[in-house]
Amino acid sequence: QVQLVESGGGLVQAGGSLRLSCAASGRMFGSYVMGWFRQAPGKEREFVAAIRVIGGSTYYADSVKGRFTISRDNSKNTVYLQMNSLKPEDTAVYSCAAGARSSSSIYVPLFYADWGQGTQVTVSS
């Protein structure tokens, strides 16, 4: 129902910053949560951050708390992930997701119905 397109990935040195964007289009139903996940080679998909579309409550993985900030601009149907103090272990494909499944948790992929294609973030030493 929702189409998501990520942008803003790239190559940065450790300690640098990137801002990822997720532009949403199409019909949305219910009260959506927007989330960011990442997946490194050989690793499971990992929750990064999430935000409620209505109300703006935010949630973060412990590994990024204090370094990453999720925000949204509802007028633009866009969600952002500001990433500061990047570390090599942050290297992964970052994907934006949208949706709500009341039977699940916002911290797991099953909660989200729609996904973007992902954008590569590479942090060099």
Side-chain angles (χ1 to χ4, degrees):
Q1 295 293 327
V2 180
Q3 290 75 52
L4 304 172
V5 179
E6 302 97 333
S7 61
L11 173 64
V12 297
Q13 290 186 298
S17 298
L18 285 173
R19 189 178 78 158
L20 306 183
S21 298
C22 173
S25 62
R27 301 175 68 181
M28 297 192 296
F29 301 93
S31 56
Y32 267 86
V33 174
M34 303 291 293
W36 287 96
F37 287 76
R38 65 187 183 186
Q39 187 167 26
K43 302 288 188 179
E44 292 188 352
R45 186 175 295 172
E46 176 188 26
F47 172 81
V48 177
I51 187 167
R52 293 189 181 275
V53 175
I54 299 175
S57 298
T58 57
Y59 311 85
Y60 296 95
D62 288 341
S63 59
V64 307
K65 193 173 298 182
R67 299 189 298 122
F68 291 9
T69 303
I70 188 170
S71 61
R72 87 272 195 258
D73 186 338
N74 287 350
S75 68
K76 298 179 180 179
N77 287 335
T78 301
V79 176
Y80 306 96
L81 185 68
Q82 178 67 45
M83 305 185 295
N84 298 326
S85 301
L86 283 162
K87 306 174 181 179
E89 51 262 45
D90 294 318
T91 295
V93 174
Y94 284 71
S95 299
C96 179
R101 294 182 183 268
S102 60
S103 60
S104 190
S105 164
I106 64 169
Y107 301 105
V108 300
L110 186 62
F111 183 86
Y112 301 89
D114 302 294
W115 293 79
Q117 294 297 309
T119 185
Q120 177 71 47
V121 172
T122 302
V123 184
S124 62
S125 301

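Computed from a predicted model, the values in this text were never measured in an experiment. By convention here, the first residue in the shown sequence is residue 1.
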Indicate the atoms forming the closest heavy-atom contact of [X] with [Y], along with that distance.
X	Y	value
S95	W115	CB-CE3, 4.0 Å
L110	S104	CB-OG, 4.0 Å
Q117	E6	N-OE1, 3.1 Å
S21	T78	CB-CG2, 4.4 Å
V121	G9	CG2-CA, 4.2 Å
Y112	V33	CE2-O, 3.7 Å

Partners meeting side-chain contact (heavy atoms from CB on, under 4.5 Å) with [X] (sequence neighbours left out):
X	answer
Q120	T91, V93, T122
V12	L18, L86, V123
S125	P88
A40	K43, A92

* Asked: Between CG of N74 and OH of Y32, what distance do you get to the nearest 0.5 Å?
  ->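 Going from the CG atom of N74 to the OH atom of Y32 covers 13.5 Å.
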* Enter the distance from N77:CG to R72:CZ here, rounded to the nearest 0.5 Å. =>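 Those atoms lie 11.5 Å apart.
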* Can you check whether G99's main-chain N or O pairs, donor with acceptor, with D114's side chain at less than 3.5 Å? ->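 Here the side-chain-to-backbone pair does not exist.
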* **Any residue meeting ring pair (Phe, Tyr, Trp, His ring centres under 6.0 Å) with Y107, in chain and number order, not counting sequence neighbours** =>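 Ring pair (Phe, Tyr, Trp, His ring centres under 6.0 Å) list for Y107, sorted by chain: F47.
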* Asked: Who passes side-chain hydrogen bond (donor to acceptor under 3.5 Å, both in side chains) against S75, sequence neighbours left out?
  ->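 side-chain hydrogen bond (donor to acceptor under 3.5 Å, both in side chains) check on S75 returns D73.
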* Only counting residues at least two apart or in another chain, list the ones meeting side-chain hydrogen bond (donor to acceptor under 3.5 Å, both in side chains) with Q82. =>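 Applying side-chain hydrogen bond (donor to acceptor under 3.5 Å, both in side chains) to Q82 gives N84.
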* To do: Please name all residues satisfying salt bridge (Lys or Arg N to Asp or Glu O under 4.0 Å) with K65, sequence neighbours left out, ordered by chain then number.
  =>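 K65 satisfies salt bridge (Lys or Arg N to Asp or Glu O under 4.0 Å) with D62 only.
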* How would you list, by chain and number, every residue that makes a salt bridge (Lys or Arg N to Asp or Glu O under 4.0 Å) with R67, sequence neighbours excluded? ->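 R67 satisfies salt bridge (Lys or Arg N to Asp or Glu O under 4.0 Å) with D90 once adjacent residues are dropped.
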* E44 atom CD: more than 12 heavy-atom contacts under 6.0 Å ->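 No, the 6.0 Å shell around CD holds no more than 12 heavy atoms from other groups.
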* **disulfide (SG to SG under 2.5 Å) contacts in which one or both residues fall within residues 62-125, not counting sequence neighbours** =>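 The answer is C22-C96.
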* **disulfide (SG to SG under 2.5 Å) pairs, two or more places apart, involving residues 45-80** =>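 Disulfide (SG to SG under 2.5 Å) check on residues 45-80 returns no pairs.
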* Reference residue V64; test side-chain contact (heavy atoms from CB on, under 4.5 Å); the match among K87, M83, R38, E46 ->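 That would be R38.
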* Asked: Can you pull the ring-ring contact (aromatic ring centres under 6.0 Å, His included) pairs that have at least one residue in residues 48-99, sequence neighbours excluded?
  ->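 ring-ring contact (aromatic ring centres under 6.0 Å, His included) check on residues 48-99 returns no pairs.
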* **side chain to side chain contact (heavy atoms under 4.5 Å, CB included) between M34 and L4, worked out** => CA-CA 10 Å; M34 303 291 293; L4 304 172; 3.9 Å; yes
